[in-house]
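Heads up, the thing below is written out as structure tokens.
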Amino acid sequence: EPNSGDAIETAFAVMNYAQFSANTIVLNPITVNSIKSEKDSMGRNLGLITTVNGVNYVGGKPIVESTNIPAGKYILGDFVNGANLIDYTSLTLEWCDDVESKLKNQVVLIAQEEVIMPVYMPWAFAYGSLAALINVIKKA
């Protein structure tokens, strides 16, 4: 039976395109916890995720944990050559109110941030479900 580690390693193996090679995976912290908790048929921990200097790794690749991705989903790709962070503006917060919000006894917070990050090669990235990937491996 394939496990999450097998699915992720397969995804990394498939994501080689020209000079682009997947080097990072983005997972929800809940997904990371569930992968860490996977056990074999005897109840022993599989040890799919290793931690080195505070960074979690799966299949030898670093994991970026983000709550911006749903649990059970993944994004992986070549974050070094496939895209580049060009510029960004720091987060600005502005408290404001108007007549309508005053009447409702509310205050509005406007948060703004700008990120300029061109994606040079969209084929260097993949998004999907770990469960779907495991099912594909089972059928192969």
Side-chain angles (χ1 to χ4, degrees):
E1 283 293 307
N3 57 43
S4 298
D6 297 330
I8 292 170
E9 287 179 11
T10 301
F12 275 118
V14 171
M15 287 304 299
N16 286 316
Y17 176 75
Q19 74 270 22
F20 301 98
S21 178
N23 52 31
T24 304
I25 187 164
V26 182
L27 298 170
N28 188 296
I30 293 170
T31 306
V32 172
N33 185 58
S34 69
I35 294 171
K36 279 183 178 180
S37 303
E38 288 188 30
K39 310 239 183 308
D40 67 8
S41 59
M42 301 295 287
R44 296 172 296 205
N45 194 322
L46 291 175
L48 299 173
I49 294 180
T50 57
T51 304
V52 178
N53 295 329
V55 178
N56 288 326
Y57 288 82
V58 62
K61 309 284 184 174
I63 300 171
V64 174
E65 294 185 36
S66 174
T67 56
N68 292 324
I69 186 165
K73 302 287 186 178
Y74 67 89
I75 296 175
L76 62 85
D78 189 340
F79 289 92
V80 174
N81 299 315
N84 194 3
L85 180 62
I86 301 294
D87 194 15
Y88 64 93
T89 60
S90 59
L91 179 67
T92 59
L93 301 173
E94 178 183 350
W95 297 94
C96 62
D97 56 356
D98 59 4
V99 174
E100 189 174 321
S101 60
K102 283 240 186 232
L103 291 173
K104 295 179 182 176
N105 198 26
Q106 296 176 340
V107 177
V108 177
L109 172 64
I110 299 173
Q112 286 184 299
E113 183 178 41
E114 184 177 278
V115 175
I116 300 171
M117 185 172 165
V119 175
Y120 300 119
M121 177 50 70
W123 295 103
F125 299 92
Y127 171 79
S129 164
L130 286 175
L133 200 50
I134 289 170
N135 286 334
V136 168
I137 294 171
K138 282 182 186 178
K139 292 178 183 177

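Position 1 is the first residue of the sequence; numbering continues from there.
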Result block: side-chain N/O donor-acceptor pairs under 3.5 angstrom for residues 18-27, not counting sequence neighbours:
from  : atom 1 : to    : atom 2 : distance (Å)
Ser21 : OG     : Asn16 : OD1    : 2.8
Asn23 : OD1    : Phe79 : N      : 3.2
Asn23 : ND2    : Asp78 : OD1    : 3.0

(message) Counting only heavy atoms not in Asp98 (residues, nucleotides, ligands), do more than 12 fall under 6.0 Å from its CG?
(response)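 Yes.
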(message) Please check if the number of heavy atoms outside Lys102 that lie under 6.0 Å from its NZ is greater than 12.
(response)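 Not more than 12 within 6.0 Å, no.
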Straight-line distance of [X] [atom1] to [Y] [atom2], nearest 0.5 Å:
X      : Y     : atom1 : atom2 : answer
Leu48  : Ser34 : CG    : OG    : 10.0 Å
Ile30  : Glu65 : CD1   : CD    : 10.5 Å
Lys61  : Glu9  : NZ    : CD    : 10.0 Å
Ile49  : Ile8  : CD1   : CD1   : 6.5 Å
Leu133 : Lys73 : CG    : NZ    : 11.5 Å

When you measure from the side chain of [X] to the backbone of [Y], do you find a donor-acceptor pair of N or O atoms at a distance under 3.5 Å?
X      : Y     : result
Asp40  : Leu46 : no
Asn84  : Ile86 : no
Ser101 : Asp97 : no

(message) Can you confirm whether Tyr57 sits close enough to Val52 that some side-chain heavy atom of one is under 4.5 Å from a side-chain heavy atom of the other?
(response)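 Yes, at least one pair of side-chain atoms sits under 4.5 Å.
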Testing the basics here: between [X] and [Y], what is the closest heavy-atom pair and its distance to 0.1 Å?
X      : Y     : answer
Ser66  : Pro29 : O-CD, 3.6 Å
Ile69  : Asn28 : O-ND2, 2.8 Å
Ile134 : Ala7  : CG1-CB, 3.7 Å

Would you tabulate the side-chain donor-acceptor contacts of residues 106-130 under 3.5 Å, counting partners in other chains and residues two or more places apart, or write 'none'?
from   : atom 1 : to     : atom 2 : distance (Å)
Ser129 : OG     : Ala131 : N      : 3.3
Ser129 : OG     : Ala132 : N      : 3.4

